Amino acid sequence: MEGHWNRSPVARRGRSAPDWLFWGFVALAGSALAFKVVARNRVQSAFDQAAICLARRDAACVAGSIERGRRFAADDDPRIDLATAGLNVLTGKADDTAAVILKVRSRTDLPTKASADLLLVEGDLWEARGEPRRARESWTSARPLVDADALVRPRLDRADAAARERAGALAGELVALKTSFDELFDLALTETTERVSMRAADLAERLGHLPESEGRVKLVHATDVARRAAAAAARKRATVAYDPYQNIPPPEPPPPLASDAPHYNPRVRERELTDYDAKLADYTRRKKASDDRRAQGEADAISAARSLLEEGTRLVDEGFAALRALMVVPAAGEAGEAGEAAP
């Protein structure tokens, strides 16, 4: 013990230097670990906020959250890409969003929050592209993966409001379209092929504004049926022979001469009247036969058109039923699992 205390201070400091160096490294490692934890928490907090802002469609808030998260996030963090993709949807850059979704979807190591972000942004893209059913499917599929319903509920509420608005507009349009189809089918029975084709083309153009669906396809086919019905009726009418001269009545006999006229002859007058009566009877017979043929031809034409229009009426009924089904707003959670990736 005495020898120990007799050693120089330098010797004692040299012996304890490794201890201080060790504890210095421990402190540095602890600081680095604490920094990583804080940075990771800040990144997740920033992108959690970005997800909330996307649900509210607040582009400025999303941009600010992305900027805060980018300071500490790794370059390959999928939540950066997804938040940016969501911002692109809000700013009208759907093509850029689709490319990011395909890139992120190809990864196999997505954490839960990134998977939720992927489904939410994918639904936003479907919504921007006018596919509300697919959007709802994506959003509903994300619901089990999110911590708060605040990420899904605003989107579904927005979809419900838009669906009610579309349903109201579609209901009014269907009433007008039903009247137009009734008028078109009536024209197909009696009017020319050219006029029916013009009306069918106008109606088909109106149908182009309806939601893309099986119902719209059936209604477009119904306009084609009206054209074919008019053409079939025209062919039937064309088979009826028509002689315009047979509908011209015979001229009346000349006025009678006075009995004291120098050339008066009652027999001549009698022959003139007899000849006129014969010609009038022949005209009446031929005209009745012609009218009967035309009436029968018209009946055959209408019958041919009606047989085709039965198919048109069926297509209209089925098309309207399919379109009315689009007017039903599905309850939250009824949508199935999202089975398709955004193109």
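Given the structure is predicted, the values throughout are model-derived calculations rather than measurements.
No donor-acceptor distance shorter than 3.5 angstrom exists from the side chain of S303 to the backbone of A299, with no hydrogens or angles considered. In this structure, S307 contributes its side chain and A304 its backbone to a donor-acceptor pair below 3.5 Å. Checking side-chain atoms of T91 against main-chain N and O of N88 turns up a donor-acceptor pair under 3.5 Å.
For the atom pair C61 SG and Q49 CD, the distance stands at 4.5 Å (nearest 0.5 Å). The CG atom of L119 sits 12.5 Å away from atom CH2 of W139, with the distance rounded to the nearest 0.5 Å. Expressed to the nearest 0.5 Å, how far CD of E272 lies from CD of E270 amounts to 11.0 Å. With rounding to the nearest 0.5 angstrom, the CG atom of L207 is 6.0 Å from the CG atom of L177. In this structure, OG on S290 lies 9.5 Å from CZ on R286, to the nearest 0.5 angstrom. Residue L210 holds its CG atom at 7.0 Å from CG of L174, rounded to the nearest 0.5 Å.
Nearest heavy atom pair, residue I101 against residue L118, reads CG2-CD1, 3.9 Å. The nearest pair of heavy atoms linking L151 to R155 is O-NH1, 2.6 Å. A pairwise comparison of heavy atoms in A135 and W126 identifies N-CB, 3.6 Å as the closest pair. Between V146 and A116, the closest heavy-atom pair is CG1-CB, 3.7 Å. The two residues S115 and L110 have their closest heavy-atom pair at OG-CB, 3.6 Å. Closest non-hydrogen pair, T97 versus V121, comes out as CG2-CG1, 4.0 Å.
Salt bridge status for K288 with D291: absent, with no side-chain N to carboxylate O gap under 4.0 Å. A salt bridge links R314 and E318; the closest N-O separation between the charged side-chain nitrogens and carboxylate oxygens is under 4.0 Å. By the 4.0 Å N-to-carboxylate-O rule, D275 lies too far from R271 to be salt-bridged with it. Electrostatic pairing of R228 and E311 counts as a salt bridge here, judged by a charged N lying under 4.0 Å from a carboxylate O. Classification of R237 and D300 as a salt-bridged pair fails, no side-chain N sitting under 4.0 Å from a carboxylate O. Ion pairing of E127 with R158 is present here, as a side-chain N (NZ or NE/NH1/NH2) and a carboxylate O approach within less than 4.0 Å. A salt bridge between D224 and R227 is present, with a side-chain N of the basic residue lying under 4.0 Å from a carboxylate O of the acidic one. Using a cutoff of 4.0 Å between basic side-chain nitrogens and carboxylate oxygens, E122 and R134 are not scored as salt-bridged. We find that K113 and D117 are not joined by a salt bridge, their nearest charged nitrogen and carboxylate oxygen being 4.0 Å or further apart.
For A229, the side chain to side chain contact (heavy atoms under 4.5 Å, CB included) criterion is met by A188, A305, L308, L309, not counting sequence neighbours.
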* **side chain to side chain contact (heavy atoms under 4.5 Å, CB included) between L273 and Y276, intermediate numbers included** => CA-CA 5 Å; L273 293 176; Y276 172 75; 5.6 Å; no
* Criterion side chain to side chain contact (heavy atoms under 4.5 Å, CB included) on F320 and V316, from CA distance to verdict -> CA-CA 6 Å; F320 279 8; V316 169; 4.1 Å; yes
* V100/T84 under side chain to side chain contact (heavy atoms under 4.5 Å, CB included): CA gap, chis, key distance, verdict -> CA-CA 9 Å; V100 172; T84 305; over 6 Å; no
* **Trace of the side chain to side chain contact (heavy atoms under 4.5 Å, CB included) decision for S138 with L120** => CA-CA 6 Å; S138 292; L120 293 173; over 6 Å; no
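With a 6.0 Å radius and a threshold of 12 heavy atoms from other residues, nucleotides or ligands, R306 has its CZ atom at or below the threshold.
Between F185 and V225, the closest side-chain pair of non-hydrogen atoms is not below 4.5 Å. The shortest distance between side-chain heavy atoms of K178 and D182 falls below 4.5 Å. With a 4.5 Å cut-off on side-chain heavy atoms, T190 and D186 do not count as touching.
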Give the table of side-chain donor-acceptor pairs shorter than 3.5 Å for residues 195-205, with sequence neighbours excluded, one pair per line with atom names and distance.
| unit_1 | atom_1 | unit_2 | atom_2 | d |
| --- | --- | --- | --- | --- |
| R195 | NH1 | E191 | OE1 | 3.4 |
| R195 | NH1 | E191 | OE2 | 3.3 |
| S197 | OG | T193 | O | 2.9 |
| R199 | NH2 | E183 | OE1 | 3.2 |

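For the salt bridge (Lys or Arg N to Asp or Glu O under 4.0 Å) with E173, the qualifying choice from R324, R206, R166 is R206, the only one to do so.
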